[in-house]
Protein chains: 2
Amino acid sequence: MSIQKKDDVTYELIIKTAKRLLFKEGRFNVTTQEIADAAGINRTLINYYFRSRDALFELVLQNAVEEEEKRREMIVFSNLPIREKLETFIDYYFEQAKKYPYREVYIVTQMNSESICKLNNKDHIKRLTEKFFLELEHEMEKGNIQKMEPIQFVLNFISMLILPVCMRPLLQNSFDLADEGYDNILANRKEVILKSIFKN
Amino acid sequence: MSIQKKDDVTYELIIKTAKRLLFKEGRFNVTTQEIADAAGINRTLINYYFRSRDALFELVLQNAVEEEEKRREMIVFSNLPIREKLETFIDYYFEQAKKYPYREVYIVTQMNSESICKLNNKDHIKRLTEKFFLELEHEMEKGNIQKMEPIQFVLNFISMLILPVCMRPLLQNSFDLADEGYDNILANRKEVILKSIFKN
DNA sequence: TTTGCGCTTGACAATTTTGTCAAACATAAA
DNA sequence: TTTATGTTTGACAAAATTGTCAAGCGCAAA
């Protein structure tokens with residue numbers, strides 16, 4: 001968008017509000033009117049700044065995907081040893097998850113949209129994963145991690161990290177836990193995950 | 001609904017189609033027209049059999065929640081040893097996930113709806129989880145499972161089982177995998193999970 | 001102050017989605 | 001063949017959501 005020149009506070013406010021309703025409150029079929037009300041602005045401004053509802057949502061989605069990629073790269077390119085890499089990744093995830101717990105879920109629900117598949121630079125991904133997988137295999141050789149296909153290890157790790165957050169309503173309800181109780185459980189996840197993954 | 005008397009094939013077809021679009025294809029904001037088209041019926045029939053869109057969706061949602069509860073109870077009430085219990089649960093999950101991979105995700109996105117919170121018989125849940133948690137602690141004492149809070153063990157287990165399925169689009173895209181490749185990975189999940197959870 | 005430019009607003013139109021209803025249809029019983 | 005009951009349909013109405021537009025507003029520069 002090249003419309004805004006001096007005052008883009010409204011522009012940012014709309015995006016921020018849309019993200020909040022989508023990624024934090026999980027209201028995936030929120031209307032433009034609801035976004036406008038939550039932002040305390042006139043609904044027409046959404047069309048003024050973003051042309052259409054779809055354009056706004058597309059922007060927010062792309063932004064979310066880029067954040068995911070950024071996180072993914074971070075874990076590989078840092079020169080920390082494996083354990084510290086994973087710890088950093090966990091901290092980073094929980095930090096973002098506190099703000100936007102449903103970001104990944106929303107991305108999944110929008111994955112059919114073709115516009116989302118263009119991003120992944122395949123060569124880049126290949127290099128990323130291969131580098132990280134080698135590090136994992138090396139760590140398995142050393143006996144610090146149980147031997148398995150690296151991709152399976154990553155799936156285990158990502159799963160244990162993300163699912164208790166993104167399915168919190170279902171899980172909290174299933175075990176009949178109060179907010180505080182579930183918060184405490186989440187606060188212990190980092191340690192639990194690390195202990196589950198590393199043998200020593 | 002007490003409307004249908006002789007012919008409830010249409011009634012069931014509508015539910016089946018709605019479930020397919022919601023839980024299998026993940027189109028969470030599908031319209032009644034789209035459901036009708038997919039089912040090859042007139043849209044008005046949805047109102048005829050279910051009164052309103054909301055009523056249909058509510059029915060499908062309740063049904064999904066009940067299936068979840070059924071699965072949860074199954075794992076506790078069977079008199080199998082822990083390992084076999086978990087194995088049975090894994091098999092059962094994958095069997096249903098092949099049909100409806102997004103069922104849990106949809107439930108999560110609808111958790112704000114008050115109607116969903118009425119179901120959980122709290123005493124029942126308490127008894128279920130306490131019984132199962134005791135079994136887990138016993139298994140930890142025997143050294144077959146790493147010691148941790150039982151709830152954390154369950155979270156680990158559920159996470160490793162569900163997330164690779166319900167976030168398949170995101171993960172498959174992230175690692176740039178073809179359908180067949182990801183299918184193979186999923187096929188190995190059972191063994192991977194069991195090896196990750198049990199020490200021997 | 002006046003002018004210009006971007007921002008904001010309310011009213012309106014267009015579109016999409018949902019709900020209603022009377023009539024047509026199918027089929028089995030009388 | 002009628003009759004009755006339940007099913008299906010298309011047309012219409014209602015509601016909700018989105019998009020457009022001209023006019024008004026705020027504020028800085030001339």
Side-chain angles (χ1 to χ4, degrees), chain A residues 1-23 25-63 106 109-110 112-116, chain B residues 1-23 25-63 106 109-110 112-116:
Chain A
M1 305 299 289
S2 59
I3 291 183
Q4 75 279 8
K5 299 219 172 146
K6 40 181 180 179
D7 190 19
D8 54 356
V9 54
T10 304
Y11 178 87
E12 294 297 340
L13 174 63
I14 293 172
I15 291 184
K16 191 176 157 189
T17 306
K19 283 185 181 177
R20 175 165 60 85
L21 296 180
L22 288 174
F23 304 153
E25 302 185 10
R27 297 169 53 185
F28 293 165
N29 36 16
V30 68
T31 68
T32 54
Q33 185 64 61
E34 290 170 321
I35 294 175
D37 291 345
I41 55 128
N42 190 292
R43 181 179 59 84
T44 312
L45 289 178
I46 293 178
N47 289 303
Y48 177 72
Y49 283 107
F50 302 94
R51 192 178 70 253
S52 72
R53 176 186 196 273
D54 278 357
L56 167 62
F57 278 53
E58 188 62 32
L59 191 69
V60 170
L61 177 62
Q62 293 298 345
N63 197 288
Y106 181 73
T109 66
Q110 302 299 320
N112 47 346
S113 124
E114 67 295 339
S115 57
I116 211 174
Chain B
M1 304 301 287
S2 60
I3 292 180
Q4 76 279 8
K5 302 227 171 140
K6 41 181 177 179
D7 190 17
D8 56 354
V9 54
T10 304
Y11 178 88
E12 294 297 339
L13 174 62
I14 293 172
I15 290 184
K16 190 176 158 189
T17 306
K19 283 185 181 176
R20 176 164 60 84
L21 295 181
L22 288 175
F23 305 153
E25 302 186 10
R27 297 168 54 184
F28 293 166
N29 36 15
V30 67
T31 68
T32 54
Q33 184 64 61
E34 290 170 321
I35 294 175
D37 291 345
I41 56 129
N42 190 293
R43 181 178 60 84
T44 313
L45 289 178
I46 293 177
N47 290 301
Y48 177 72
Y49 283 107
F50 302 94
R51 191 177 70 255
S52 71
R53 176 187 196 271
D54 278 357
L56 167 62
F57 278 52
E58 188 62 31
L59 191 69
V60 170
L61 177 62
Q62 293 297 347
N63 197 288
Y106 181 75
T109 66
Q110 302 299 318
N112 48 345
S113 125
E114 66 296 338
S115 58
I116 211 174

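By convention in this document, chain letters (A, B, ...) are assigned in the order of the sequence lines, proteins followed by strands, and residues within each chain are numbered from 1.
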- Would you call the rings of A:F50 and A:Y11 parallel, tilted or perpendicular if under 30° counts as parallel and over 60° as perpendicular? parallel
- Item | Euclidean distance, atom CZ of residue B:F50 to atom C1' of C:dT20 [Å, nearest integer] | 18 Å
- Query: B:S52: what forms a side chain to side chain contact (heavy atoms under 4.5 Å, CB included) with it, not counting sequence neighbours?
  - Reply: B:D54, B:A55
- Are any non-hydrogen side-chain atoms of A:I35 and A:F57 less than 4.5 angstrom apart? yes
- Message: If the cut-off is 4.0 Å, is B:T31 near the phosphate of C:dT17, judged by side-chain N/O to OP1 or OP2?
- Response: no
- Query: What integer distance in Å separates B:R53:CZ from C:dT16:C1'?
  - Reply: 12 Å
- Query: Tell me: CG of A:D37 to P of C:dT8, nearest whole Å?
  - Reply: 16 Å
- Query: Atom CZ of A:R51 to atom C1' of D:dG19: distance rounded to whole Å?
  - Reply: 12 Å
- Rounded to whole angstroms, how far apart are CD1 on A:I35 and P on D:dT17? 12 Å
- Task: Provide, to the nearest angstrom, the distance between the CD atom belonging to A:E34 and the P atom belonging to D:dA16.
- Result: 12 Å
- Message: Any heavy-atom pair between the side chains of B:V30 and B:E25 that's under 4.5 Å?
- Response: no
Dump every N/O contact between nucleotides 9-11 of chain C and the protein below 3.5 Å, one line per pair.
unit_1	atom_1	unit_2	atom_2	d
C:dT9	OP2	A:N42	N	3.2
C:dG10	OP2	A:N42	ND2	3.0
C:dG10	O6	A:T44	OG1	3.1

- Atom-to-atom span, CG of B:N47 to P of D:dA15 - whole angstrom: 15 Å
- Query: Rounding to a whole Å, what distance do you find between A:I46:CD1 and D:dT17:P?
  - Reply: 13 Å
- Query: For D:dT18, does either OP1 or OP2 sit under 4.0 Å from a side-chain N or O belonging to A:T32?
  - Reply: yes
- Message: Once ring-ring contact (aromatic ring centres under 6.0 Å, His included) is applied, do any residues pair with A:Y106, and if so which ones, sequence neighbours excluded?
- Response: A:F23, A:F28
- The single option from B:L59, B:I41, B:V9 passing side-chain contact (heavy atoms from CB on, under 4.5 Å) against B:I14: B:I41
